[in-house]
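To start, the structure under review is shown below, and the notes come after it.
Just so it is clear: chains get the letters A, B, ... in the order the sequence lines come, proteins before strands, and each one is counted from 1. None of the values given here were measured: they were computed from a predicted structure.
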Amino acid sequence: MSADAPRYSTDVLDLFRRLPHRAPLAAGAGTVASGEALALERGAWVQFEARLDGGRVASCAFRAWGCPHTLAAAARACAAVEGLAIASAAAMPARQLAEELEVPRHKLGRMLVVEDAMHALIAHARALQSR
Amino acid sequence: MSADAPRYSTDVLDLFRRLPHRAPLAAGAGTVASGEALALERGAWVQFEARLDGGRVASCAFRAWGCPHTLAAAARACAAVEGLAIASAAAMPARQLAEELEVPRHKLGRMLVVEDAMHALIAHARALQSR
Amino acid sequence: MTDEAPIYLDYAASAPLDPRVVAVMRECLEDRELQANPASAHEPGRAAASRIEAARAQVAGLIGAPPDAIVFTSGATESVNLAILGAARAARDARGASRGPRHVVSSRIEHRAGRDSCRQLEREGFELCWLQPDAGGRIEAGQVADALRPDTALVSLMHANNETGVVTDIAAIAALCAEREVALHVDAAQSVGKLPVAVAAPGIALLSFCAHKLGGPKGVGALYLRRRPRPALQPLQFGGGHEDGLRPGTLPTHQLVGFGVACELARSALAIEAPRIRVLRERLWQALQPAMPLWRNGVPEPSVPGILNVGFAGVEGESLLLELDGRLAVSSGAACSSASAEPSTVLRALGRSDLAIQASLRLSIGRETTAAEIDRAARLLVAAVRRLRQALPVGALERIA
Amino acid sequence: MTDEAPIYLDYAASAPLDPRVVAVMRECLEDRELQANPASAHEPGRAAASRIEAARAQVAGLIGAPPDAIVFTSGATESVNLAILGAARAARDARGASRGPRHVVSSRIEHRAGRDSCRQLEREGFELCWLQPDAGGRIEAGQVADALRPDTALVSLMHANNETGVVTDIAAIAALCAEREVALHVDAAQSVGKLPVAVAAPGIALLSFCAHKLGGPKGVGALYLRRRPRPALQPLQFGGGHEDGLRPGTLPTHQLVGFGVACELARSALAIEAPRIRVLRERLWQALQPAMPLWRNGVPEPSVPGILNVGFAGVEGESLLLELDGRLAVSSGAACSSASAEPSTVLRALGRSDLAIQASLRLSIGRETTAAEIDRAARLLVAAVRRLRQALPVGALERIA
Ligand SMILES: Cc1ncc(COP(=O)(O)O)c(C=O)c1O
Ligand SMILES: Cc1ncc(COP(=O)(O)O)c(C=O)c1O
């Protein structure tokens with residue numbers, strides 16, 4: 001037992017309390033791309049949407065059902081892609097999310113859901129752009 | 001369990017504290033009779049001695065190894081024969097000792113030792129008298 | 001409690017100590033005379049023993065039993081284990097060479113103490129019949145009647161469920177067991193002190209409960225053992241001859257004296273507290289309605305007064321608990337198993353999906369809970385659920401339910 | 001203590017609570033935050049759990065063990081049962097279908113918890129080797145060496161005897177057991193906190209002790225379980241998964257926190273208290289000489305500091321206890337069995353006659369005992385013995401000895 005070990009890092013607690021990048025996206029110009037991934041039995045369901053403007057991810061927001069780590073990771077993943085060029089944007093890898101947010105090992109599968117949803121978003125954004 | 005039940009009656013406590021009729025006999029006139037019984041495995045060993053004077057038990061005393069009930073019963077048995085005519089003296093029966101002194105059932109065997117020692121004393125007294 | 005302290009709605013996990021229990025425990029802890037070993041024959045030992053016997057009478061009194069029908073244990077878990085393993089093993093060995101009856105009836109909604117004891121019996125070669133509750137969490141006497149066999153050694157059922165609060169008709173089942181001469185064990189850890197529980201009915205052979213669910217200390221419990229006919233029990237532990245040879249070990253005077261006073265207090269408060277708490281529970285359920293869609297796990301009645309098990313559509317349990325943390329102390333699933341992350345087997349037995357189970361909370365109310373706390377707790381809960389739903393994926397309200 | 005209170009010389013039965021233990025237990029009993037179920041995931045539950053983990057570290061520290069090697073139980077009796085029954089049954093079942101080893105080595109001087117656990121093993125088909133002490137109460141490592149067989153599943157021996165205080169050379173026996181890869185269980189209820197006890201020696205697989213012999217509360221104990229190789233144990237109780245699945249039930253926070261502090265205090269006081277108490281014991285023995293003829297049961301050394309077992313020729317035990325009642329609290333035989341009237345099996349194993357045994361008293365000394373108390377106790381004892389001898393039958397001094 002390790003009752004004294006904090007269950008959530010300060011970053012996770014902060015992101016969970018504020019839920020920055022929470023959908024809906026602010027109104028604005030440009031097209032909207034979206035991406036989703038879910039694995040309910042693993043405990044995560046994430047939807048991203050992004051406003052695309054001038055070949056860049058102008059803003060990104062999430063909807064999610066999941067534990068505090070999952071919600072925090074979704075918010076973090078949004079922040080990571082904002083401002084990037086669509087052509088070169090990449091999803092934050094699950095491992096990096098887990099490391100930054102000190103996610104317990106048994107929740108790695110949920111981080112993969114976040115990563116997958118972001119891949120889907122970026123793929124959709126590229127498809128929209130090339131149309 | 002009956003932790004509240006007193007373990008010893010007031011009479012037993014009083015006799016145990018004072019040990020009246022404890023040997024040796026007070027000095028005096030007359031012959032001395034004695035009687036003994038023991039059952040160490042049952043927890044009792046009693047010796048009585050009595051000063052005989054004018055055909056009566058002038059005084060009676062005990063030595064004993066035993067529990068408080070046994071010591072009290074020995075003292076009580078001495079009191080019971082003092083003053084009696086040797087010819088008609090009788091030992092206090094174990095059952096009567098047990099009743100008067102509220103002796104627990106499992107100690108009845110010890111009361112029998114007290115009774116037996118008194119029988120022996122009386123027999124000795126009669127033998128001395130008839131000599 | 002100040003506005004800063006979390007509102008405690010986890011009485012079913014453990015009730016706070018009654019201050020009068022604390023007072024008498026302090027007395028035992030501070031009075032040198034009472035600290036001797038109660039098995040010692042000397043004066044301080046007897047003083048301790050006599051306090052323990054007074055406590056035994058108080059504990060027995062709460063369930064209408066004679067004092068010598070009470071065996072003290074370390075808690076309901078031990079009582080339940082001693083009853084189930086002890087009675088079943090004694091029945092098996094009664095006819096020599098393990099040839100006795102080996103059929104045991106229990107249910108899918110037992111507390112882990114009962115469930116895991118019965119599973120151990122399975123490992124030892126017993127045949128278990130696990131009764132299935134209906135969707136409302138009810139086990140019916142008729143199910144027991146159908147399950148009984150000539151070789152049934154034991155029926156073990158809980159009185160009130162620790163997760164849903166739903167109550168089983170033990171009187172009817174006891175009558176059945178009396179008629180069929182089958183030993184009945186009742187796990188009454190959640191009902192003693194909260195409902196009238198009386199072992200006078202001849203069918204109840206064994207009944208388990210503990211102190212810490214009713215305002216007494218943790219780490220002490222009782223097993224009621226009918227006197228006539230006395231059920232045969234094989235002890236779990238050996239040595240010392242305490243408690244009629246059924247449960248050895250030095251008796252903890254302060255703990256038992258606290259248990260006794262808690263039982264006495266529970267008994268005198270029952271008639272007033274039970275309806276008061278029931279009213280608070282329904283007030284809470286009403287006050288939670290703004291968090292719709294939501295549902296109740298288990299039928300509202302018959303039940304113990306203090307337990308409300310609610311599910312909130314679209315909610316993720318761990319996030320809800322963090323959202324409430326420090327403000328509201330509640331359990332997701334039973335506290336006893338909330339250290340483990342697996343979904344409640346009780347709610348599963350009611351037919352709930354794992355997603356619905358993880359979206360459920362057990363709110364449990366007790367002696368110190370006030371209407372103001374209930375209202376505040378409901379506001380906190382509604383706000384927490386709403387906040388988590390704000391960012392929910394489209395369609396989640398329907399799927400997570 | 002005033003002159004009116006009885007002098008307490010029964011520390012081996014139970015030691016009075018240390019006031020610092022009482023203080024921390026009061027804190028737990030009075031602080032609402034610490035009264036949640038330590039298995040609950042919410043803030044007050046975690047607060048309780050973290051106090052328990054701190055206590056686990058203190059308890060482990062007293063025997064030089066890592067915290068995760070400690071399983072909390074309801075007392076030494078339960079620890080001993082869990083160790084003996086648990087390890088032997090696990091060994092038997094290890095090779096499937098009860099085909100594992102079934103030979104167990106113990107001794108004739110064990111506390112009833114150990115003795116009766118081993119007797120239960122006999123009923124379950126184990127073959128017991130009961131080592132015989134010498135007339136001084138000693139069990140030697142050589143006896144264990146001779147008793148070990150290829151199919152020995154367990155060796156279970158006490159460290160210090162609770163009646164005579166005589167100490168067994170556990171280090172030598174542990175070395176033997178390590179070499180032969182046999183699990184060794186040590187009942188250290190009378191030695192932990194009184195002698196340096198360290199489980200660092202690889203041969204000790206299991207070690208039992210409890211709080212109330214060292215100034216902590218009754219009703220709580222510990223079982224040390226070596227981590228590598230971890231001895232296999234079959235639990236006695238099931239349900240809830242607490243304590244690594246070895247011991248279910250809600251952990252009693254206040255009890256464990258008190259246990260922890262008691263261990264901490266015992267550890268820091270050991271170097272000063274052990275010699276002080278040993279000196280008091282020898283002072284008592286000297287001061288009793290005027291009650292000659294008398295004898296000492298068990299060799300003076302090696303021993304725990306606080307136990308003196310003396311026999312007084314010609315004395316009847318029950319009368320002696322009544323004579324002392326209210327003035328001196330002592331045990332005839334072990335307190336744990338002094339409720340029963342049968343003569344001590346330990347002293348019988350030393351070769352004493354039943355008459356000599358009933359004439360014996362165990363005087364045990366502890367933290368609060370003063371030299372003045374020792375002197376006063378000796379005067380009381382000498383006077384009591386003399387009074388009872390006044391009316392002794394001729395020849396009794398020789399026969400009752
Ligand atoms: C129905 C039921 N049985 C048994 C128990 C076990 O009680 P304890 O933790 O006192 O051993 C509990 C509580 O946890 C319970 O709710
Ligand atoms: C050597 C020994 N083992 C075990 C025990 C049992 O301890 P408890 O009464 O705490 O269960 C005792 C004390 O009674 C003891 O002296």
Measure from NZ or CZ of D:R399 to the centre of the six-membered ring of B:W65, then state whether that distance is under 6.0 Å and the direction lies within 45° of the axis. no

Considering non-hydrogen atoms only, spot the tightest contact between D:P393 and B:A64 and give its length. CD-C, 3.3 Å

Please name the pair of heavy atoms, one in D:S319 and one in B:G66, separated by the smallest distance, quoted to 0.1 Å.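 Smallest interatomic distance, heavy atoms only, reads OG-O, 2.7 Å.
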
Evaluation steps, side-chain contact (heavy atoms from CB on, under 4.5 Å), between B:L19 and D:R387: CA-CA 10 Å; B:L19 293 183; D:R387 195 177 88 92; 3.7 Å; yes

Under 4.5 Å heavy-atom distance to chain B, tell me which part of [X] shows up: side chain, backbone, both or neither.
X	answer
D:V394	both
D:L355	side chain
D:E323	both

Quick check on the interface: out of B:R63, B:R22, B:H69, who has the most heavy-atom pairs with chain D under 4.5 Å?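 Counting heavy-atom pairs under 4.5 Å, the top option is B:R63.
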
At what distance, to the nearest 0.5 angstrom, does CD of D:E318 lie from CZ of B:R7? 7.5 Å

Rounded to the nearest 0.5 angstrom, the CZ-CG distance for B:F16 and D:L322 is 4.5 Å

For B:R18, does the CZ atom have more than 12 heavy-atom neighbours from other residues, nucleotides or ligands under 6.0 Å away?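 Yes, the 6.0 Å shell around CZ holds more than 12 heavy atoms from other groups.
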
Taking every non-hydrogen pair under 4.5 Å, which of D:L320, D:V315, D:D354, D:L321 racks up the most with chain B?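 Ranked by contacts with chain B, first place is D:V315.
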
